[in-house]
Amino acid sequence: MKLSEEYVAQTYARYPLLLVRGKGTRVWDLEGKEYLDFVSGLAVCNLGHCHPKVVKAIQDQAEKLIHVSNFYYIEPQIQLATLLCKHSFADKVFFCNSGAEANEGAIKLARKYAKERRGEDRYEIITMEHSFHGRTLATLTATAQEKYHKGYAPLVPGFKYIPFNDVGALKKAIDSKTCAVMLEPIQGEGGVNCPSKGYLRALREICDEEGLLLILDEVQVGMGRTGKLFAYEHEGVEPDLLTLAKSLAGGVPIGALLIRDEVAESFEPGDHASTFGGNPLATAAGVAALTAILDEGMLENCQKVGEYFLSRLEEIKKKYPFVQQVRGRGLILGMELKMEGSSIVKEMMRKGFLINCTMGNVLRFLPPLIVTQEEVDQMLEALEEVFKGVS
Ligand SMILES: Cc1ncc(COP(=O)(O)O)c(C=O)c1O
């Protein structure tokens with residue numbers, strides 16, 4: 001930890017914890033202490049840690065071919081793109097290495113598509129307050145939270161912010177420059193904020209009427225986190241562009257931009273690229289991860305345990321007046337407190353449970369999709385012990 005402070009750039013406020021091993025829902029530190037993981041590497045380890053099929057796919061692929069250029073066809077890349085298209089609205093996939101990069105690709109493609117069809121001045125993208133889209137300069141600008149902008153001006157032109165869940169605000173914000181609307185179907189970093197019923201459908205209808213693209217950022221909520229493979233499926237609407245990353249390859253870095261054919265045509269050879277994007281190792285892991293999510297009942301478990309977990313959180317809320325609200329869907333759940341949550345996270349860690357806090361006061365629970373009701377009970381029992389010390 002001392003060497004980390006000396007040699008690693010100090011961009012993270014880290015907990016004094018060094019994790020060295022993981023299996024399923026559990027991780028272990030250097031001293032062998034076990035933790036039940038309700039963070040999952042921030043919605044990355046949806047299959048649990050070191051899922052055997054992902055480990056095997058990485059091992060097998062590493063022995064065959066780790067990397068080649070996108071000058072050539074890549075077998076597991078083709079397999080993963082095919083699988084993603086078969087199980088979603090999409091016709092084409094562009095691969096990259098992170099969520100920010102996937103969103104960067106979506107922003108570039110939306111601009112290019114709109115400029116080609118409606119003129120050079122169609123470049124503005126409307127995004128939502130409390131959103132989070134990444135840390136590159138364009139995605140940071142798309143992220144409508146001032147705290148992330150500080151120190152980085154001038155930001156990228158061409159973004160406009162409106163409140164989440166406000167259809168009227170979107171109608172007012174659209175003008176002759178607008179090319180797309182971009183949002184997370186559930187805001188993760190912004191505090192686990194869910195769309196009200198019919199909101200996404202209304203957005204889809206407005207986009208269709210106005211000729212705008214609908215971009216969904218499912219970097220955090222995609223790949224089964226909400227109990228369906230993609231969160232948009234709950235609302236019965238389809239986007240034009242959708243971004244994925246985090247859990248797509250079971251823990252190996254990857255990003256993907258899923259695209260409808262008509263929009264994908266605006267990307268021609270040479271328009272966009274990534275050296276590592278769709279690399280054999282990452283996409284082989286992705287094929288194994290996606291197959292495991294679909295074949296091993298993880299979506300069903302996520303729905304069942306998620307409903308139980310939310311009902312237990314609601315019971316707890318009734319007992320402690322400092323709990324403001326509980327919300328979420330599947331296994332992305334939030335508990336908003338009337339006070340800061342960081343001391344609760346630390347106390348839970350001492351007891352052997354990893355949980356997260358976002359926006360300063362929203363406890364966020366993101367366990368692997370294989371978590372059991374018994375494990376949820378164990379964690380909540382510890383949480384209540386901590387809460388009793390507070391009240
Ligand atoms: C919704 C959403 N979009 C984009 C990102 C950025 O992803 P990455 O950190 O892989 O660039 C995140 C990361 O937390 C996210 O939650």
Side-chain angles (χ1 to χ4, degrees), residues 9 11-14 38-46 94-110 125-145 147-149 152 156 159 161 164-165 180-195 200 214-226 229-232 239 241-258 274 276-279 282 285-286 289 328-334 355-360 362 364-366:
T11 57
Y12 303 98
R14 295 182 200 267
F38 280 70
V39 175
S40 305
L42 270 180
V44 168
C45 308
N46 283 11
F94 173 81
F95 288 106
C96 50
N97 314 288
S98 69
E101 241 186 285
N103 286 330
E104 192 85 24
I107 293 165
K108 284 177 71 177
L109 180 55
I125 299 181
I126 297 174
T127 66
M128 307 296 157
E129 289 168 12
H130 297 122
S131 55
F132 188 85
H133 298 297
R135 302 289 197 139
T136 62
L137 209 46
T139 59
L140 179 81
T141 314
T143 298
Q145 296 198 58
K147 66 181 180 199
Y148 296 115
H149 298 171
Y152 298 117
V156 177
F159 291 92
Y161 310 135
F164 185 62
N165 262 335
V181 178
M182 176 170 175
L183 75 158
E184 301 150 80
I186 295 177
Q187 294 185 326
E189 302 304 303
V192 191
N193 305 317
C194 297
L200 289 180
L214 180 63
I215 306 171
L216 289 183
D217 176 345
E218 294 217 15
V219 166
Q220 186 157 152
V221 297
M223 305 315 294
R225 175 68 39 203
T226 64
L229 192 57
F230 303 107
Y232 72 81
L241 298 168
L242 180 136
T243 54
L244 294 171
K246 288 197 185 270
S247 65
L248 177 55
V252 179
I254 192 168
L257 172 59
L258 277 58
S274 160
F276 285 121
N279 153 299
R329 180 165 232 167
L331 289 169
I332 171 164
L333 297 172
I355 62 168
N356 167 255
C357 179
T358 188
M359 298 300 281
V362 182
R364 181 173 41 168
F365 306 100
L366 297 160

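Since the structure is predicted, the reported quantities are computational estimates derived from the model, not experimental observations. As the structure lists them, so they are numbered: ligands from 1, and atoms in each ligand from 1.
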Inset, instruction - Kindly indicate whether the side chain of L183, heavy atoms from C-beta on, has any atom under 4.5 Å from the side chain of L216. - result: yes

Inset, instruction - Provide the number and element of each atom of ligand 1 under 4.0 Å from a heavy atom of V219. - result: 2 (C), 3 (N), 4 (C), 5 (C), 7 (O), 12 (C), 15 (C)

Legend entry - Contact check, side chains of S40 and R225, non-hydrogen atoms, under 4.5 Å: yes

Inset, instruction - Give a yes or no on whether atom 8 (P) of ligand 1 lies under 4.0 Å from any heavy atom of the protein. - result: yes

Inset, instruction - With rounding to the nearest 0.5 Å, note down the distance linking CG in L257 to NZ in K108. - result: 11.0 Å

Legend entry - Heavy-atom side-chain proximity of L244 to M223 below 4.5 angstrom: yes

Legend entry - pair R364-L42: side-chain heavy atoms closer than 4.5 Å: yes

Inset, instruction - Consider every N or O of E101 and every N or O of ligand 1, then say whether any pair is closer than 3.5 Å. - result: no

Legend entry - G99-ligand 1 polar pair, N/O distance under 3.5 Å: yes

Legend entry - Closest candidate by heavy atom, reference atom 6 (C) of ligand 1, pool S131, C96, A100, S98: A100

Inset, instruction - Heavy-atom contacts with E184 under 4.0 Å: which atoms of ligand 1 show up? List them by number with element. - result: 1 (C)

Legend entry - Element-labelled atoms of ligand 1 that are located less than 4.0 Å from some non-hydrogen atom of E189: 14 (O)

Inset, instruction - Considering only non-hydrogen protein atoms, determine which one is nearest to atom 2 (C) of ligand 1 and report residue, atom name and distance to 0.1 Å. - result: F132 O, 3.3 Å

Legend entry - Those atoms of ligand 1 less than 4.0 Å from some heavy atom in G134: 6 (C)

Legend entry - Nearest atoms (heavy-atom pairs only) where L248 meets A256: CD2-CB, 3.6 Å

Inset, instruction - Determine whether any heavy atom of L42 lies closer than 4.0 Å to an atom of ligand 1. - result: no

Legend entry - Where ligand 1 meets N103 - atom numbers and elements under 4.0 angstrom, heavy-atom basis: 3 (N), 4 (C)

Legend entry - Greater than 12 external heavy atoms within 6.0 Å of Y148's OH: yes

Inset, instruction - Report yes or no: does a heavy atom of Q187 sit under 4.0 Å from some atom of ligand 1? - result: no

Legend entry - Which segment of H133 sits under 4.0 Å of ligand 1 when only heavy atoms are counted: backbone

Legend entry - Which atom of T243 lies closest to which atom of N103, heavy atoms considered: OG1-OD1, 2.8 Å

Inset, instruction - Could you check whether the rings of H149 and Y161 sit parallel, tilted or perpendicular, using 30° and 60° as the cut-offs? - result: tilted

Legend entry - Numbered atoms and elements of ligand 1 in range of Q220, under 4.0 angstrom, heavy atoms: 16 (O)

Inset, instruction - Return the minimal non-hydrogen interatomic distance between P239 and L214, and the atom names on each side. - result: CB-O, 3.6 Å

Legend entry - Protein heavy-atom partner closest to atom 14 (O) of ligand 1 - residue, atom, separation in Å: K246 NZ, 3.1 Å

Inset, instruction - Would you mind listing which atoms of ligand 1 come within a distance below 4.0 Å of any non-hydrogen atom of D217? - result: 1 (C), 2 (C), 3 (N), 4 (C)

Legend entry - Side chain, backbone, both or neither: the part of R135 lying under 4.0 Å from ligand 1 by heavy atom: neither

Legend entry - Interatomic spacing from CG in L258 to CZ in F95 - rounded to 0.5 Å: 7.5 Å

